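Starting from 1, each residue takes its place in the sequence as its number. Quantities reported herein were computed from a predicted structural model and do not represent experimental measurements.
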Amino acid sequence: MADEDLFYESLIADYVGADGYVRRDWLEAAVLDRLSLPTCRYVLLAAEPGAGKSGLMAGLAHRHPEWLRYFIRRDSTTPLSGGDAASAFLRIGHQFATRRPALFDPDRLEVVVKQRIGKGGPGAGIVGIHIEDLQVSPFHRTAIRVEQDVQELGGRLVGVEVAQATLEPRLLIPETLQYLALLDPAAVLAESEPDAQVVVLVDALDELMRFRGAMSVLDWLERGPEPPPNVRFVLTSRPSPRLQVLQGVRAGQIELIPLDSDSDEVLRDTRTFAHRLLTEPALAATDRVHDADAAVDQVAHAAAGNFAYLRAYERALHGAVGHGNAELLDALLRLDALPSGLAALYSVFLRNAREEITQLGVLEVERPVAAGDDLTPAWEGAGQRMLGVLAVARAPLTLDQLMRLGSIRVWRSAATGVLQRLVPFLDEVGSAWRLFHPSLAEFLTTDAAVVAPDLGIEAPEWHRRVVRTYRGGAASWADVDWADVDDYGLLHLAEHLVELGDDGRSEVAELVNAGLRTATRRRFLTDLPFKRIVETALVEAHLAEDVGQTLATTIFLDVVRAGVSSGGRWLAPAVLGLMARLGRAEEALGRAELLAPDELQFASFEALLA
């Protein structure tokens with residue numbers, strides 16, 4: 001992984017390099033002040049969505065490049081990093097090793113081979129070193145140096161030949177990684193530099209409140225060993241009762257930083273943003289802002305300390321100016337009627353977007369299925385469906401994906417026109433789209449039911465639509481042609497099933513099948529995505545009411561997880577035999593039939609009959 005990816009440099013640049021970025025000096029100073037306290041191990045900033053938490057963390061990372069950092073989510077619904085502790089330790093361990101390589105040198109493995117060969121005839125093969133299975137540490141450097149002096153050769157010359165390079169599985173569990181990646185190197189640092197601190201930034205802990213799988217970062221923060229005196233964590237999260245557990249477990253070591261939306265400091269920050277926005281040359285050229293100071297005060301107070309509000313307002317203003325929409329611009333600058341609060345602002349903007357899309361009238365259906373099915377209303381047939389999919393999406397989606405998952409049947413050119421009306425609420429990532437902020441998805445799926453029922457999105461309905469699209473007409477999940485499923489489906493289908501509650505919970509375990517594992521491994525060259533599905537299925541299995549079924553499913557998934565973790569072959573015969581004895585003979589037989597007709601399949605049938 002390149003350093004810019006390892007350290008989230010692109011994400012950080014998106015914040016600190018953005019127009020309108022407001023550096024929050026007073027808040028950064030408060031963090032540094034807490035970190036200097038002898039008893040402090042954790043600094044926690046808990047604030048509502050849109051308060052500027054991720055921007056603060058990006059600023060801290062930018063100004064303290066030596067600090068380790070782990071961003072769990074972008075400023076959107078899109079996860080950025082895995083929520084499991086193992087992924088976090090792998091990332092920060094590599095960061096630590098990059099910044100402080102000397103701390104990781106003592107256990108370095110170095111192999112040196114020297115060869116001197118005068119002549120090798122036709123067809124001769126010379127190999128400096130052949131390693132059948134090289135097991136390496138995730139952080140310690142393994143150096144293999146081969147020196148070959150060959151005068152004449154008519155065949156093949158190979159310096160290093162490695163059949164397989166793997167990480168020792170025991171090195172990839174959080175209980176081991178915590179020492180390899182952080183705790184042991186920090187102890188070494190304390191000996192050589194007693195005054196040096198190791199600061200770890202962890203943004204968006206709230207993303208882990210719904211994490212399903214192995215030990216999460218939040219689990220580790222609550223249950224892991226006490227950090228060494230030279231290690232500090234800076235954490236951000238939305239308010240949640242779960243944070244009280246962390247505060248209780250780490251009592252006396254955790255420092256809270258309150259973020260009062262009514263404070264003078266917060267109001268000053270929002271005024272800085274509003275002033276920059278309302279005095280932009282493009283807006284000034286419209287000659288519609290007559291009293292800039294008064295306008296700044298009104299916008300800042302309406303935002304109530306919420307930068308998501310300001311960003312949404314900014315997007316709307318830029319859109320109106322860019323498209324020469326004088327009517328919309330006048331409405332936005334009618335400051336005495338400016339909506340107060342984020343939910344009210346979203347209601348106004350979304351209704352405007354709906355009106356624009358509705359004015360497109362009816363759109364032609366690309367493939368009518370019956371007489372009279374050749375036209376559909378632009379909002380109900382396309383706009384509303386796009387918002388429904390985007391509100392529950394776990395990653396950016398292309399227009400083609402939005403059309404497929406939303407069952408949008410109009411011509412692609414017409415769908416493009418609809419999408420353009422939603423652009424003020426979207427971020428474009430490559431050729432894909434996502435809602436610009438998680439608070440918008442929350443508004444559509446939760447708050448709108450109270451403050452704007454006409455705009456509300458029924459999240460379970462849209463999770464189910466996504467699931468049905470990927471299931472297609474297959475009789476079971478094992479029958480899906482996984483090779484034809486896109487990356488989004490392979491990575492996020494389990495999450496959509498989980499959101500369906502009891503209806504989807506029983507189906508998550510069915511995703512643990514040979515076809516899905518083969519597809520994910522070929523697509524991503526690793527078993528990690530499949531392992532996360534197995535771990536999600538394990539968590540969901542424990543929530544089932546049928547004790548017998550829970551036991552059978554849990555044993556099966558535990559054995560599969562162990563096999564995947566150790567790099568073993570797919571579903572050992574003993575696992576299938578165990579399933580049969582636990583009353584799941586039909587399912588076991590179906591899994592055995594999925595195997596290639598070889599020795600493994602034969603052994604599996606034998607185990608079923610034993």
Side-chain angles (χ1 to χ4, degrees), residues 4-28 30-32 42-65 67-83 87-88 91-92 95 199-211 217-218 221 233-240 243 256-259 261 265-266 269-270 272-273 303-312 314-315 342 394-396 425-427 429 434-443:
E4 54 266 29
D5 295 324
L6 180 63
F7 288 93
Y8 303 97
E9 290 181 5
S10 175
L11 171 71
I12 293 167
D14 285 345
Y15 279 101
V16 301
D19 291 338
Y21 170 68
V22 177
R23 179 174 176 178
R24 315 190 76 176
D25 298 299
W26 64 276
L27 203 47
E28 291 184 14
V31 171
L32 295 174
Y42 308 88
V43 177
L44 173 62
L45 175 65
E48 296 294 338
K53 301 182 295 295
S54 294
L56 169 69
M57 296 292 264
L60 287 169
H62 176 68
R63 278 172 278 283
H64 300 274
W67 287 5
L68 311 180
R69 66 286 307 265
Y70 197 68
F71 288 85
I72 298 171
R73 183 187 60 218
R74 287 186 181 271
D75 188 12
S76 70
T77 56
T78 308
L80 182 62
S81 305
S87 295
R91 170 80 72 145
I92 64 175
Q95 293 175 0
V199 179
V200 184
L201 306 172
V202 182
D203 185 47
L205 282 181
D206 50 279
E207 184 72 18
L208 306 177
M209 306 299 178
R210 62 183 182 184
F211 179 82
V217 176
L218 184 54
L221 289 169
F233 290 89
V234 180
L235 314 169
T236 66
S237 174
R238 304 178 194 186
S240 168
L243 295 178
L256 301 179
I257 296 182
L259 194 57
S261 60
E265 294 86 355
V266 172
D269 289 343
T270 53
T272 298
F273 186 103
N306 195 294
F307 280 85
Y309 183 107
L310 294 171
R311 284 293 183 190
E314 176 186 45
R315 284 166 171 263
L342 191 58
R394 296 296 190 253
F425 309 103
L426 307 179
D427 279 337
V429 184
R434 66 187 179 203
L435 296 180
F436 88 100
H437 197 273
S439 58
L440 180 52
E442 292 171 6
F443 170 78

From Q95 atom CD to L68 atom CG, the distance as rounded to the nearest 0.5 Å: 5.5 Å
Donor-acceptor check, side chain of K53 to backbone of L235, threshold 3.5 angstrom: yes or no? no
Shortest non-hydrogen contact between V217 and A88, atoms and distance: CG2-CB, 3.6 Å
Using side-chain heavy atoms (C-beta onward) and a distance below 4.5 Å, is V266 in contact with W26? yes
Enter the distance from L11:CG to M57:CE here, rounded to the nearest 0.5 Å. 11.0 Å
Is it true that D427 and R315 make a salt bridge, defined as a side-chain N closer than 4.0 Å to a carboxylate O? yes
Does D206 form a side chain to side chain donor-acceptor pair (under 3.5 Å) with S240? I'd like the steps, not just the answer. CA-CA 8 Å; D206 50 279; S240 168; over 6 Å; no
How about V234 and V202: do any of their side-chain heavy atoms sit closer than 4.5 Å? no
Pairwise side-chain contact, H437 with F443, heavy-atom cut-off 4.5 Å (strictly under): no
Which residue is it: F307, Y309, Y21? I am looking for the one with a side chain to side chain contact (heavy atoms under 4.5 Å, CB included) to F273. F307
Using a strict threshold of under 4.0 Å (side-chain N to carboxylate O), is an ion pair present between E265 and R24? no
May I ask you to decide if the ring planes of F233 and Y42 are parallel, tilted or perpendicular, using 30° and 60° as cut-offs? parallel
Looking at side-chain heavy atoms only, is the closest gap between V199 and L60 below 4.5 Å? no
With a 3.5 Å distance limit and no angle check, can you tell me whether T236 reaches the backbone of A204 through a side-chain donor-acceptor pair? yes
Could you grab the distance from atom CG of D203 to atom CG of L56, nearest 0.5 Å is fine? 8.5 Å
Exam field: side chain R434 to backbone A395, donor-acceptor pair closer than 3.5 Å: no
How long is the straight-line distance from CZ of R69 back to CZ of F7, given to the nearest 0.5 Å? 6.5 Å
Heavy-atom closest contact (F71 atom, S54 atom, distance): CE2-O, 4.3 Å
Quick check: closest heavy atoms across V43 and V31, and the distance to 0.1 Å? CG2-O, 4.5 Å
Looking only at heavy atoms, what is the nearest atom pair of A47 and P239, with distance? O-CD, 3.3 Å
